[in-house]
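Quick note: numbers below take in every heavy atom, side chains included, and nothing from hydrogens, waters or symmetry partners. None of these values were measured; they are calculated from a predicted model.
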Amino acid sequence: MKSLRFSSIMLLMLAAIVVLVPIPLASNRIWAWSIFVFWVSLLVLAHCIFCAWRKKTLVRYRWQWGLLGPLLAFAAFQLLQFLNPYTANELITFKNATDLSAAFRIGSIDPYMTQTMLIKTLMYTGFVWLVTQYCTGQRALKILLFAIVLSACLQAFYGTVLNLLNFSHSPVFGYPEGNRARGSFVYQNHFANFLALSLSLAIGWLISELKTSKSRFKFKTFISDAMQTLLSSKMLLRLAIIIMIIGLILSRSRMGNAGFFSALMVTGVLALFIYKRPPTMLKPLLISIFVLDMIIVGSIFGLEKLQQRIEDTSFASETRDEVVIDSMPLIQKNWLTGTGAGTFYTAFPQIQPAPYTSYYDHAHNEYIQFMVELGVPVTLFLGVWVLYCLWLSIRTMQKRNSKLLKGVAFGCCMAILHMLIHNTVDFNLQAPANTMLFLLILSLCFIVKNMPEQNRYKKFAS
């Protein structure tokens, strides 16, 4: 009984983190992410004490190492970079070097930033460890899904209200709002990415609530089902999806919107082919999201402004592609071990050929930034890990019988596809709120793949 009560408390604390971590500027400030480092550290300590007291194993399932192993290896690599910083003389050599000798030097040109990234990585690892440890049944899974949807709805509602009321500055943190919704995030594209990831899971959850049995059409049955739907949680979830899509459209994020609807289309078509028994309302639901949400709701809340922004985009006006091209010498010179985690803004100005119209402290392309800071091998290692999680979600959609597990796998697959697309033009993983949500999604890929059916829940939770 005490064990069950402790597990419930831990799960609620993790759900609270999911809800609260985006609120203080997406935790993208030292004071903000430090709060959650302290919070996660306390929970990890409590877990270790409880396991020692009750004589339980610290890691309950073997499959957890599929998540913890890569994260711990990533943290160990960052630790090596931090412990071997470049000296002042080596930095001069680094700036002027033209050969590939620097590629074999494991170290960081900015130890402080690498230390910061190491601390964040350890926080993420602790968070993933606890999520996989205490999300042991479908009830726990729904609690985490509810926390994700609630967090995204709060952000979407807050961002929408500020945008429609034309607030010049946010009332809490005083940041300029402009003409694009951003919630409590500093950067509107991070806001869009957070909503798109949450939307993916919300849609997957809604799909899991759809009926799979086919029956002959009867008017009385249709009216009865319609009334039940209006009074059920499915209607609330559908309204939540509409609220989040409004916020996504008002963010005016080009790739955020394009990546979301592209991922929805690809995952929807994939589900129709690999689901053993696809829900009868799956096609109407996907069509309603495209037609009702994107066209009708979008036209009310300024879809034409987003379309205009996409049409006005040109390579001549954009400098992100130039940053990518100009970053190539850094990758060539440090392709093996990188310049150090979190050091792009330190390394890039040293080789930048000419100033741009704005200051770039990130590459606006996660793949390029990871290769600059961590090297090509580590970037490929992390990429293969993410693709493996994507494959797990697809296998779950294909093999499992539980509607909830298959629905969550649908959402995970869609979220990963969106992140892979959006990261080609932005740096979403540099915001702790987005990173924690994405790691939670990767964790769910393993959880729904290995979670027993509902009738075997007690064995799984013991």
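- In terms of modelled atom types and a separation under 3.5 Å, the side chain of Arg400 and the main chain of Met451 share a donor-acceptor contact.
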Verdict with reasoning, His169 to Tyr175, per ring pair (Phe, Tyr, Trp, His ring centres under 6.0 Å): CA-CA 5 Å; His169 291 76; Tyr175 272 81; 9.1 Å; no

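- Closest of all the heavy-atom pairs between His418 and Ala196 is NE2-CB, 3.3 Å.
- Looking at every heavy atom in both residues, Leu20 comes nearest to Pro24 through O-CD, 3.2 Å.
- The line from CG of Leu122 to CH2 of Trp129 is 11.5 Å long, rounded to the nearest 0.5 Å.
- Here CG of Leu144 is found 6.0 Å from CG of Leu440. Values are rounded to the nearest 0.5 Å.
- The side-chain heavy atoms of Phe348 and Val372, taken from C-beta on, include no pair separated by under 4.5 Å.
- Ring orientation note: the planes of Phe36 and Trp39 are close to parallel, at an angle under 30° on the 30°/60° scale.
- Put simply, the side chain of Glu366 reaches to within 4.5 Å of the side chain of Gln430, judged on heavy atoms.
- Side-chain polar atoms of Asn423 and Asn428 form a donor-acceptor pair below 3.5 angstrom.
- Screening Met436, Gln155, His190 for a side-chain contact (heavy atoms from CB on, under 4.5 Å) involving Pro22 leaves a single residue, Gln155.
- Side-chain contact between His362 and Ile368 is absent, with no heavy atoms from C-beta onward closer than 4.5 Å.
- Considering Leu154, Thr160, Leu162, Val161 as possible partners of Tyr158, the one that fulfils the side-chain contact (heavy atoms from CB on, under 4.5 Å) test is Leu162.
- Residues Pro377 and Leu336 meet the side-chain proximity criterion, which asks for heavy atoms closer than 4.5 Å.
- Ring geometry for Trp63 against Phe446 counts as parallel: the plane angle stays under 30°, on a 0 to 90° scale with 60° as the upper cut.
- Val266 has its side chain out of reach of Met414: every pair of non-hydrogen atoms, C-beta onward, lies at least 4.5 Å apart.
- More than 12 heavy atoms of other residues, nucleotides or ligands sit less than 6.0 Å from atom OH of Tyr275.
- Taking each heavy atom of Cys389 and Leu442 in turn, the nearest pair found is CB-CD2, 3.7 Å.
- Between Met244 and Val149, the closest side-chain pair of non-hydrogen atoms falls below 4.5 Å.
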In sequence, state the C-alpha distance, the side-chain angles, and the governing distance for Tyr187 and Asp426, and then conclude on side-chain hydrogen bond (donor to acceptor under 3.5 Å, both in side chains). CA-CA 11 Å; Tyr187 186 40; Asp426 262 307; 2.8 Å; yes

